[in-house]
Asker: 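My structure is below; once you've seen it, I'll send some questions.
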Amino acid sequence: MIDLKELREYPDRFRQGVADKGMSVDIDRLLALDEARRSILTRQESARAEQNRISKEAGPKLGQLKGKSKGAHGEEKAALEAAITQLEARPAALKLEIQECEHRLLAIEPEWKSLWMQVPQPPAADVPKGQGSEDNVEIRRWAPPQWDFQKTFEQNRGFKPRTHVELLKLHRLADFERGVKMSGTRHYVLTGLGMRLHQAVLRYAVDFMADARGFTPMGVPVIVKEECMVGTGFFPAGREQAYHIEESRRGSGHDLFLTGTGEVGLMGIHADEILNLEDLPLKYCTVSTCFRREAGAAGKDTAGLYRIHQFDKVEQVVVCEANDAQSRAWHAQMIETVETILQSFKLPYRLLQCCTGDLGVKNEDMIDIESWMPGRGEIGLDGSPQGAFGETHSASRLRDFQCRRLNLRYKDAQGKTQFAFALNNTVIASPRVLIPILEMHQQADGSIIVPPVLRPYMGGIGQIGAD
RNA sequence: GGACAGGUGGCCGAGCGGCUGAAGGCGUCGGUUUGCUAAACCGGUAUAGGAGUUAAUACUCUUAUCGCGGGUUCGAAUCCCGCCCUGUCCGCCA
């Protein structure tokens with residue numbers, strides 16, 4: 001969430017941010033509610049202050065009088081009771097005033113809070129403006145020497161590509177029918193070498209993060225309380241995307257939610273903590289199962305492993321000092337990590353600078369990495385797919401938006417408590433990444449060459465489907 | 001799941017209706033003393049919100065916070081109710 005003080009001081013900055021992200025949050029309404037809330041609060045506090053003063057001075061006296069009046073009779077008792085009534089009048093009036101303020105606060109706070117939570121992090125100044133994904137800007141692309149982006153798959157390789165769905169069937173790497181039988185649409189079973197390849201990719205990525213990049217691997221909950229979802233910025237906006245476990249309907253406990261990314265568990269670890277400067281930067285990675293309802297995506301990417309309800313992902317997060325240069329440096333390093341991994345798989349990809357309209361509530365800057373998927377895209381005149389880029393990674397800079405919500409702070413060099421900056425990035429998401437791996441490494445006979453870096457995790461198997 | 005016990009500041013731990021934002025200790029920070037270190041002594045040491053003074057560091061006032069929420073009361077860490085969590089024993093179980 002954003003800093004309310006900053007909002008009061010520079011409301012235009014946030015109005016512009018809302019507009020640039022193509023969102024609609026009524027900033028003026030929020031400012032009005034905030035103003036009203038503070039004036040009520042001031043009134044309530046001064047009433048409380050007086051109440052406290054009175055109860056210190058008159059309180060003990062009252063107690064004494066009441067004690068005496070119990071034992072007293074006749075005129076003496078009447079006099080005592082009159083004194084008591086008089087003493088009680090002022091606190092009673094204050095109590096009423098405090099209660100009235102309380103009621104007025106209760107009336108505006110839900111809307112105030114809700115609007116506040118909706119105000120997005122304004123995009124960084126150098127993020128290109130745009131409406132949506134069509135305005136994203138390609139930064140660069142990379143391909144292994146034997147691949148030419150100007151040519152079709154057939155021109156590059158000398159044969160027509162099979163789609164990953166065909167390859168999965170051919171080698172019995174996945175079973176969609178039975179997945180659907182058990183769990184419905186967008187579910188699947190990974191079978192045999194399909195499961196091994198999936199595991200290989202994940203293991204390789206975790207080892208790479210730990211050994212080559214010095215990140216600490218973590219195993220985190222994928223079932224979390226609502227606070228974690230709100231704190232990491234996935235709620236309230238993304239509520240529809242999360243599976244909801246309604247434990248409260250069973251009469252006890254609190255509801256839980258399945259996380260859509262390991263980011264939730266990783267960032268939740270230090271919620272409500274104040275870290276020492278020496279603890280930063282935090283460099284964490286995890287491999288976790290991710291659950292997504294894909295609400296609103298009906299009919300999109302229904303075939304294959306592209307858009308599914310359950311997958312596994314190696315995620316990296318960095319929590320660093322509240323410093324723009326540091327945040328940018330880590331962002332660059334995270335992207336470099338992804339490029340190194342994709343290059344080690346020899347997969348063509350491109351980097352996209354996401355425009356303002358394609359950013360979510362919580363990020364100020366995002367780079368998507370799309371891998372080339374020959375089996376994707378329009379069907380051409382020759383009857384085979386033309387190929388297309390498909391998003392496999394995404395790297396975001398969140399400034400202090402997420403740590404503010406999580407109440408994750410640190411003590412800086414001056415000893416001042418600050419909200420930290422956070423970043424997150426996909427290291428590898430599987431089985432989606434299996435799509436380019438299978439499609440790009442298929443051979444004319446339909447067999448698939450396993451990238452050498454994955455072979456140690458595949459029991460040394462170098463080719464799938466070779467006779 | 002059942003039966004007890006308990007949740008107080010960075011930690012330990014007292015308090016069980018007003019004098020308690022909270023004793024005492026540990027830790028920590030600043031200082032004094034001392035060949036050095038240690039010890040001893042003195043002083044400070046929660047967080048968040050609001051208002052104000054200041055160029056700013058900062059300071060002053062004020063409110064809230066003793067697991068969370070609600071209630072009783074002129075007044076709640078303290079009494080009552082609900083929930084959450086932790087510990088121990090029993091039951092069940094990868």
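Chain identifiers are assigned alphabetically (A, B, ...) following the order of the sequence lines, protein sequences preceding nucleic acid strands; residue numbering begins at 1 within each chain.
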Asker: Between A/F235 and A/F257 (judged by ring centroids, cut-off 6.0 Å), do the two rings come close enough to count as a pair?
Answerer: yes

Asker: For A/Q51 and A/E45, find the nucleotide of RNA chain B closest to each by heavy atoms; which residue's nucleotide sits nearer the 5' end?
Answerer: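 By nearest-heavy-atom nucleotide position, the 5'-most residue is A/E45.
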
Asker: List in numerical order all residues of residues 404-413 of chain A for which some heavy atom is under 4.0 Å away from an atom belonging to RNA chain B.
Answerer: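 A/R409, A/K411 - these, ordered by number, are the residues of the stretch whose heavy atoms sit under 4.0 Å from the strand.
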
Asker: Could you list the donor-acceptor pairs under 3.5 angstrom formed between side-chain atoms of residues 272-279 of chain A and any protein atom two or more places apart in sequence or on another chain?
Answerer:
| unit_1 | atom_1 | unit_2 | atom_2 | d |
| --- | --- | --- | --- | --- |
| A/D272 | OD1 | A/N407 | ND2 | 3.2 |
| A/E273 | OE1 | A/H270 | ND1 | 2.8 |
| A/D279 | OD2 | A/N276 | N | 2.9 |

Asker: Determine the stems involving RNA chain B; a stem requires 3 or more consecutive pairs of the Watson-Crick or G-U wobble kind, each with both distances below 3.5 Å, and the answer is none if no such run exists.
Answerer: B:1-7 with B:84-90, B:10-12 with B:24-26, B:27-32 with B:40-45, B:46-53 with B:58-65, B:67-71 with B:79-83

Asker: Please identify which of these residues, A/R48, A/R104, A/R43, meets the salt bridge (charged side-chain N to carboxylate O under 4.0 Å, His left out) condition with A/E97.
Answerer: A/R43

Asker: Hey, is CD on A/E336 packed in by over 12 heavy atoms from elsewhere, all under 6.0 Å?
Answerer: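 For A/E336, atom CD is crowded (more than 12 foreign heavy atoms under 6.0 Å).
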
Asker: Within this structure, what is the CG-to-P distance between A/D3 and B/A48, rounded to whole angstrom?
Answerer: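 My rounded result for the distance is 12 Å.
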
Asker: NA contact type, A/K5, heavy-atom cut-off 4.0 Å: base, sugar-phosphate, or nothing?
Answerer: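 Sugar-phosphate contact only - A/K5 comes under 4.0 Å of backbone atoms but never of a base.
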
Asker: Could you list the protein-to-nucleotides 76-82 of chain B atom pairs, N/O on both sides, closer than 3.5 Å?
Answerer:
none

Asker: Mind listing the residues from residues 29-42 of chain A sitting with a heavy atom below 4.0 Å of RNA chain B? Number order is fine.
Answerer: A/R38, A/T42

Asker: Taking salt bridge (charged side-chain N to carboxylate O under 4.0 Å, His left out) as the test, write out the residues that go with A/E111, two or more places apart.
Answerer: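 Once residues adjacent in sequence are excluded, the partners of A/E111 under the salt bridge (charged side-chain N to carboxylate O under 4.0 Å, His left out) criterion are A/R29.
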
